[in-house]
Amino acid sequence: MSMSWVSLFSGGKDSSWALYRAQQEGLDVGRLLTVHPAGDSYMYHTPATRLARLAAESVGLPLTEIEPDDFGADDVEDAGAQGDAEIEPLEAALADIAADADLTGVTAGAVESEYQTSRIEALCDRLEIDLFAPLWQRDPETLATEMLDAGFEITIVQVAAAGLDESWLGRTLDADALAELQELHDEYGVHVLGEGGEFETFVVDGPHMDRRIDLALSTRWEGTRGHVVVDDASLE
């Protein structure tokens, strides 16, 4: 099996943008890799990761899926040790891929999280592969505008921040939503890309995809936070 790059991929806007930019830069991305945490996670995007299968089909790349045990991230005493433990199944999967293919590097959608990025960088160093992180330390408003201008259709699938109520669940992150997020940033400190976990997303269409993903959603609200429930999903 011949391969050059693996894209760390959740189906959310950041990992999707990293994949898209890698393709634009001419990197030979040959596979997507998704981690499905059984519960909460310090390292990985968790909402709606099962939709990555449909996204991979639309993108036209094979998908490797990792099913780690519950990380126990809801009760952590040492955050550093937690992150180190969570990176282990990802590193093992990449090592297996590298044993069977020519693996040059991985793409990642990190924007500002030193916690996540430092561990991915260390993983790459250990495996002697490269890291392509095109969002790293970019201005978030500029990034969001670039995503929309490129044709990304982004659905909000989880919210957990002051100012974000149930009406945001299932909402498209468009120019109007971005303007509201900028206002919420000024009022509450909400990160316009949700980098602090304020909201999570899934990309239903974009220039890196051949077919749009149609979602039928309901919502589950828990007082101050909530997430969508995917009732049905299909490629158009």
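FYI, the numbering just counts along the sequence from 1. Quick note: numbers below take in every heavy atom, side chains included, and nothing from hydrogens, waters or symmetry partners.
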**Q** Please collect all ring pair (Phe, Tyr, Trp, His ring centres under 6.0 Å) contacts where either partner lies in residues 214-236, sequence neighbours excluded, each pair once.
**A**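 Ring pair (Phe, Tyr, Trp, His ring centres under 6.0 Å) check on residues 214-236 returns no pairs.
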**Q** Any side-chain heavy atom of I213 sitting closer than 4.5 Å to one from L215?
**A**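 Yes, their side chains come closer than 4.5 Å.
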**Q** Strictly by side-chain hydrogen bond (donor to acceptor under 3.5 Å, both in side chains), give each pair with a member in residues 155-166 just once, sequence neighbours left out.
**A**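 Listed once each, the pairs are D165-S167, E166-T219.
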**Q** Looking at OG1 of T142 and CG of L135, how far apart are the two atoms once the value is rounded to the nearest 0.5 Å?
**A**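 Here the rounded value is 11.5 Å.
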**Q** Could you go through the side chain to side chain contact (heavy atoms under 4.5 Å, CB included) check for V59 and L19 one step at a time?
**A** CA-CA 10 Å; V59 170; L19 167 63; 4.0 Å; yes
**Q** Can you confirm whether S4 sits close enough to L27 that some side-chain heavy atom of one is under 4.5 Å from a side-chain heavy atom of the other?
**A**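 No, their side chains stay 4.5 Å or more apart.
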**Q** Do the side chains of V229 and L169 join up, straight or via other hydrophobic residues, at under 4.5 Å, putting them in one cluster?
**A**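 No, because V229 and L169 fall into different hydrophobic clusters, even though each may have its own neighbours under 4.5 Å.
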**Q** Checking side chain to side chain contact (heavy atoms under 4.5 Å, CB included) between L32 and each of T64, L8, L61, which is the one that passes?
**A**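 Between L32 and the candidates, side chain to side chain contact (heavy atoms under 4.5 Å, CB included) is satisfied uniquely by L61.
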**Q** Not counting sequence neighbours, which residues clear salt bridge (Lys or Arg N to Asp or Glu O under 4.0 Å) with D214? List them please.
**A**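 Applying salt bridge (Lys or Arg N to Asp or Glu O under 4.0 Å) to D214 gives R212.
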**Q** Does any pair with a residue in residues 51-60 pass side-chain hydrogen bond (donor to acceptor under 3.5 Å, both in side chains), and if so which ones, sequence neighbours excluded?
**A**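 For residues 51-60, and leaving out neighbouring residues, the side-chain hydrogen bond (donor to acceptor under 3.5 Å, both in side chains) pairs sorted by first residue read R53-E65.
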**Q** Do P140 and E195 have side-chain heavy atoms sitting under 4.5 Å apart?
**A**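 Contact flag for P140/E195 side chains = no.
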**Q** State, to 0.1 Å, how close G170 and L217 come at their nearest heavy-atom pair, and which atoms those are.
**A**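 In this case the closest contact between G170 and L217 is CA-CD1, 4.1 Å.
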**Q** Do T117 and W136 make a side-chain contact, defined as non-hydrogen atoms from C-beta onward lying under 4.5 Å apart?
**A**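 Result yes, sub-4.5 Å side-chain heavy-atom pair found.
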**Q** With the side chain counted from C-beta on, respond yes when L164 and L184 share a heavy-atom pair under 4.5 Å apart, and no when they do not.
**A**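 They are in contact (side-chain heavy atoms under 4.5 Å apart), so the answer is yes.
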**Q** Please list, chain by chain and in numerical order, all residues satisfying salt bridge (Lys or Arg N to Asp or Glu O under 4.0 Å) with E180, sequence neighbours excluded.
**A**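 Result, salt bridge (Lys or Arg N to Asp or Glu O under 4.0 Å) vs E180: R171.
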**Q** Which heavy atom of L103 sits nearest to which heavy atom of A98, and what is that distance?
**A**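 Shortest heavy-atom contact: CD2-CB, 3.9 Å.
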**Q** Enter the distance from L173:CG to F202:CZ here, rounded to the nearest 0.5 Å.
**A**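 Interatomic distance, L173 CG to F202 CZ, rounded to 0.5 Å: 14.5 Å.
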**Q** Distance from L94 atom CG to I129 atom CD1, nearest 0.5 Å?
**A**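 Rounded to the nearest 0.5 Å, the CG-CD1 separation comes to 5.5 Å.
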**Q** Is there side-chain contact between L193 and L143, with heavy atoms separated by less than 4.5 Å?
**A**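 With C-beta onward as the side chain, the pair touches.
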**Q** Which pairs, with at least one residue in residues 4-20 and sequence neighbours excluded, count as a salt bridge (Lys or Arg N to Asp or Glu O under 4.0 Å)?
**A**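 Residue pairs with at least one partner in residues 4-20: there are none.
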**Q** Show me the pairs that pass ring pair (Phe, Tyr, Trp, His ring centres under 6.0 Å) and involve residues 149-194, at least two apart or across chains.
**A**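 Residue pairs with at least one partner in residues 149-194: W17-F152, Y20-F152, F152-H208.
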**Q** Taking side-chain hydrogen bond (donor to acceptor under 3.5 Å, both in side chains) as the cut-off, I'd like each qualifying pair that reaches into residues 197-207, sequence neighbours left out, listed once.
**A**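 Applying side-chain hydrogen bond (donor to acceptor under 3.5 Å, both in side chains) to every pair that reaches into residues 197-207, excluding sequence neighbours, yields H45-E200.
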**Q** Does anything in residues 114-137 form a salt bridge (Lys or Arg N to Asp or Glu O under 4.0 Å)? List the pairs, not counting sequence neighbours.
**A**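 Qualifying pairs, neighbours excluded: D84-R119, E91-R126.
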**Q** Under the side chain to side chain contact (heavy atoms under 4.5 Å, CB included) rule, what do L90 and L33 come out as? Steps first, then yes or no, please.
**A** CA-CA 9 Å; L90 174 60; L33 190 155; 3.5 Å; yes
**Q** Applying salt bridge (Lys or Arg N to Asp or Glu O under 4.0 Å), name anything that partners E25, two or more places apart in sequence or on another chain.
**A**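 Scan of E25 (salt bridge (Lys or Arg N to Asp or Glu O under 4.0 Å), adjacent residues dropped) gives R21.
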**Q** Side-chain contact test, heavy atoms from C-beta onward, threshold under 4.5 Å: evaluate it for I66 versus H36 and give yes or no.
**A**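 No, side chains not in contact.
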**Q** How close do P134 and A108 get, heavy atom to heavy atom, and via which atoms?
**A**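 Result for this residue pair: CD-O, 3.8 Å.
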**Q** Could you pull out the closest heavy-atom pair between A162 and V190, with the gap in Å?
**A**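 The answer is O-CG2, 3.6 Å.
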**Q** Between atom OG of S16 and atom CE of M147, what is the distance when rounded to the nearest 0.5 Å?
**A**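 Output value for this atom pair is 8.5 Å.
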**Q** Taking S10 for its side chain and G12 for its backbone only, find out whether a donor-acceptor pair lies under 3.5 Å.
**A**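 At least one qualifying donor-acceptor pair exists.
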**Q** Do V106 and S7 come close enough that some side-chain heavy atom pair is under 4.5 Å?
**A**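 A side-chain contact under 4.5 Å is absent here.
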**Q** Listed by chain and number, what are the salt bridge (Lys or Arg N to Asp or Glu O under 4.0 Å) partners of R220, not counting sequence neighbours?
**A**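 R220: no salt bridge (Lys or Arg N to Asp or Glu O under 4.0 Å) contacts found.
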**Q** How close do S234 and L54 get, heavy atom to heavy atom, and via which atoms?
**A**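 Here S234 and L54 meet closest at N-CD1, 3.8 Å.
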**Q** In chain order, what residues pass the side chain to side chain contact (heavy atoms under 4.5 Å, CB included) check against D96, with sequence neighbours excluded?
**A**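 Applying side chain to side chain contact (heavy atoms under 4.5 Å, CB included) to D96 gives none.
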**Q** Tell me if a side-chain donor or acceptor on D231 pairs with a main-chain N or O of S218 at a distance below 3.5 Å.
**A**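 It does hold such a pair.
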**Q** Which is it for T172 and I154 under the side chain to side chain contact (heavy atoms under 4.5 Å, CB included) test, yes or no, and what are the steps along the way?
**A** CA-CA 6 Å; T172 297; I154 303 166; 5.8 Å; no
**Q** Decide if atom CZ of R138 counts as having more than 12 heavy atoms of other residues, nucleotides or ligands within a radius under 6.0 Å.
**A**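 Yes, the 6.0 Å shell around CZ holds more than 12 heavy atoms from other groups.
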**Q** Heavy atoms only: give me the nearest A95-L127 pair and the separation to one decimal.
**A**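 Taking every non-hydrogen atom into account, CB-CD2, 4.0 Å.
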**Q** Go through Q137 and E112 one step at a time and tell me if the side-chain hydrogen bond (donor to acceptor under 3.5 Å, both in side chains) criterion holds.
**A** CA-CA 6 Å; Q137 295 186 334; E112 296 176 4; over 6 Å; no
**Q** Could you please spell out the steps behind the side chain to side chain contact (heavy atoms under 4.5 Å, CB included) verdict for F199 and V157?
**A** CA-CA 7 Å; F199 63 93; V157 297; over 6 Å; no
